[in-house]
Number of protein chains: 2
Amino acid sequence: MDQAAYILASGWACSYKLVEDGQRQIVDFQIPGDFLGLRSVLLNVSDHSIEPVTDIEVTEIHVADLLAAFAQTPRLATAMLWAASRDEAMVVEHLVNIGRRDAAARLAHFLLELGARLALVGLGSKEGYACPLTQYLLADALGLSAVHVNRVLRQLRERGLVTFRDGFVAFGDYDQLANFAQFEPSYMDQTGPLLS
Amino acid sequence: MDQAAYILASGWACSYKLVEDGQRQIVDFQIPGDFLGLRSVLLNVSDHSIEPVTDIEVTEIHVADLLAAFAQTPRLATAMLWAASRDEAMVVEHLVNIGRRDAAARLAHFLLELGARLALVGLGSKEGYACPLTQYLLADALGLSAVHVNRVLRQLRERGLVTFRDGFVAFGDYDQLANFAQFEPSYMDQTGPLLS
DNA sequence: CGACACCTTGAAACCCCTCAACGACTGTGG
DNA sequence: CCACAGTCGTTGAGGGGTTTCAAGGTGTCG
């Protein structure tokens with residue numbers, strides 16, 4: 001039981017699962033401040049893989065320390081539980097995104113969510129943000145082909161909604177885009193755990 | 001803060017999210033023994049809706065009691081965290097299912113997972129299980145149309161893999177079906193939380 | 001300069017959706 | 001007892017969103 005969890009200090013990573021024919025589904029991208037590998041520690045099963053997107057720096061957390069901390073500081077466990085719930089809420093939103101939105105709305109929603117998360121850690125605004133992802137990564141995250149991602153990005157650009165180029169996402173008309181993607185950021189609850 | 005969580009004592013329910021044009025995405029079905037509404041309690045935001053599938057019986061859990069129990073029994077919080085992680089792992093698997101499998105494999109995978117979950121609580125086996133879901137519910141869960149669910153069910157039946165009829169799922173060739181759907185039940189970790 | 005990764009675009013094929021219609025069954029009220 | 005509505009399952013035809021295949025362009029790096 002010498003598994004470890006990490007907190008991403010700088011850089012981007014992604015967690016994904018492979019299917020047998022070589023395709024993969026990216027579950028989420030991790031940005032600075034996010035946990036890495038928390039679930040595999042808790043479940044004692046590595047049910048997904050993690051890969052860096054850029055160069056990354058991490059700080060290690062020993063499982064034993066974590067569990068010991070739980071015992072001494074019950075609130076910590078509650079806070080972790082809250083964090084896990086928020087993560088699950090985001091995965092759920094991805095599920096809705098892939099299951100019930102067409103490629104354009106899917107892509108728009110994804111770029112908006114990423115922007116909102118980055119804004120929280122000071123790495124973006126409603127103007128845009130630096131984004132090291134390739135179109136191939138986007139495709140794997142959104143359940144699309146890279147070719148189609150390219151086409152849809154062009155559509156969104158030509159309609160003046162978003163431009164993703166040269167590693168930078170620039171929102172054209174943020175409000176219209178949010179409306180188009182039916183982006184409701186409430187699922188990214190930031191009010192914190194229910195501690196008294 | 002008078003929200004409550006529940007444990008499903010009998011019957012089936014489902015949690016879902018709506019998108020604006022009237023479609024919905026079912027995130028998961030709850031079977032006896034599952035939590036209901038845990039995430040909305042933790043996040044203080046009701047980010048999804050719940051609907052009964054059959055008549056149901058629930059036992060209520062007060063949030064205040066739950067948090068108090070965490071403080072007194074740290075291991076309980078760890079156990080809850082483990083449960084939440086398992087739930088998330090299942091949602092992730094659904095994400096992979098919808099994102100990277102075609103309709104037939106998707107349906108097969110779903111029926112297999114449901115069977116495995118039911119078998120754990122004594123409600124099913126490798127032969128089959130009673131299943132009160134309609135084809136419309138399956139469609140909402142799998143990101144498909146009801147019409148297509150119907151067609152794909154027929155395919156699976158004609159190939160002798162599964163038969164879903166009259167509220168009963170009957171596996172034809174379980175192993176071949178599991179292979180076809182690339183069903184790897186390891187993500188449904190049942191070994192329990194990492195409590196020394 | 002060549003290798004490589006990534007972006008871009010076109011054409012054809014395919015999976016799945018929408019629309020439409022009908023049958024089987026259930027419950028309900030007359 | 002029967003007509004009726006409602007839900008669910010079934011099947012066909014047509015259309016559209018995405019995929020695959022293919023090719024070429026750009027930039028970076030050794």
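Residue numbers begin at 1 in each chain, while the letters A, B, ... track the order of the sequences.
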Fill in: Start and end of the DNA chain D segment that chain B contacts, any atom under 4.0 Å from a heavy atom
D:dC8 to D:dA13
Fill in: Under 3.5 Å donor-acceptor, B:Asp175 side chain and B:Ala178 backbone
no
Worksheet item: Are any of the side-chain heavy atoms of B:Arg100 and A:Lys17 separated by less than 4.5 Å?
Response: no
Discussion item. Which residues in residues 176-183 of chain B have a heavy atom closer than 4.0 Å to any atom of DNA chain C?
Written reply: none
Fill in: Nucleic acid contacts of residues 19-31 of chain B, taken as heavy-atom distances under 4.0 Å to DNA chain C
none
Worksheet item: Among residues 93-115 of chain A, which residues get a heavy atom nearer than 4.0 Å to DNA chain D?
Response: A:Asp102, A:Ala103
Worksheet item: What pairs meet the ring pair (Phe, Tyr, Trp, His ring centres under 6.0 Å) rule with one or both residues in residues 104-125 of chain A, with sequence neighbours excluded?
Response: A:Phe29-A:Phe110, A:His109-A:Phe183
Practice prompt. To the nearest 0.5 Å, tell me how far B:Glu113 CD sits from B:Asn97 CG.
Written response: 8.0 Å
Fill in: Candidate pair A:Trp12 and A:Cys131, rule side-chain contact (heavy atoms from CB on, under 4.5 Å), full reasoning
CA-CA 9 Å; A:Trp12 291 41; A:Cys131 176; 4.2 Å; yes
Item to complete: Please round to the nearest 0.5 Å and tell me the distance separating atom CG of B:Leu112 and atom NZ of B:Lys126.
Response: 10.0 Å
Worksheet item: What residues form a side chain to side chain contact (heavy atoms under 4.5 Å, CB included) with B:Asp28, not counting sequence neighbours?
Response: B:Ser15, B:Gln30, B:Met90, B:His94, B:Arg117
Worksheet item: In Å and rounded to the nearest 0.5 Å, what is the OH to CG distance from A:Tyr174 to A:Asn179?
Response: 12.5 Å
Worksheet item: Should B:His62 and B:Glu60 be marked as a side-chain contact (heavy atoms from CB on, under 4.5 Å) after you check the CA-CA gap, both sets of side-chain angles, and the distance that decides it?
Response: CA-CA 7 Å; B:His62 293 287; B:Glu60 187 172 352; 3.5 Å; yes
Practice prompt. Could you list who else is in A:Val19's hydrophobic cluster, with ILVMFWY side chains joined at under 4.5 Å, directly or through other members?
Written response: B:Val96
Fill in: Spatial distance of atom CD (A:Gln25) from atom OH (A:Tyr16) [nearest 0.5 Å]
13.0 Å
Worksheet entry | Connected-component partners of A:Val91 among ILVMFWY, side-chain separation under 4.5 Å | A:Val27, A:Val92, A:Leu95, A:Ile98, B:Val27, B:Val91, B:Val92, B:Leu95, B:Ile98
Item to complete: Show which residues join A:Ile50 in its hydrophobic cluster (side-chain heavy-atom contacts under 4.5 Å, direct or indirect), or state none.
Response: A:Tyr6, A:Leu8, A:Leu36, A:Ile56, A:Val58
Discussion item. Donor-acceptor check, side chain of B:Asp65 to backbone of B:Ala68, threshold 3.5 angstrom: yes or no?
Written reply: no
Practice prompt. For B:Gly143, report the nucleic acid contact type (base, sugar-phosphate, nothing); a contact means any heavy atom under 4.0 Å.
Written response: sugar-phosphate
Worksheet, complete the sentence: Rounded to 10°, the helix from C:dC1-D:dG30 to C:dG30-D:dC1 deviates from straight, judged by its five-pair end axes, by 30°
For residues 136-162 of chain B, which side-chain N or O atoms pair as donor and acceptor with protein atoms under 3.5 Å away, sequence neighbours left out?
from     : atom 1 : to       : atom 2 : distance (Å)
B:Asp140 : OD2    : B:Arg24  : NE     : 2.7
B:Ser145 : OG     : B:His148 : N      : 3.2
B:Asn150 : ND2    : B:Gln135 : OE1    : 3.0

Discussion item. Closer than 4.0 angstrom, basic N to acidic O: yes or no for B:Arg86 and B:Glu93?
Written reply: no
Using the 3.5 Å cut-off, write out each protein N or O paired with an N or O of nucleotides 7-11 of chain C and the distance between them.
from   : atom 1 : to       : atom 2 : distance (Å)
C:dC7  : OP2    : A:Gln135 : N      : 2.9
C:dT8  : OP2    : A:Gln135 : NE2    : 2.8
C:dT8  : OP2    : A:Asn150 : ND2    : 2.7
C:dT8  : O5'    : A:Asn150 : ND2    : 3.2
C:dT9  : OP2    : A:Arg154 : NE     : 3.0
C:dG10 : N7     : A:Arg151 : NH1    : 3.1
C:dG10 : O6     : A:Arg151 : NH2    : 3.2
C:dA11 : N6     : A:Arg151 : NH2    : 3.0

Practice prompt. Decide yes or no for B:Gln182 and B:Glu184: does some side-chain heavy atom of the first lie under 4.5 Å from some side-chain heavy atom of the second?
Written response: no
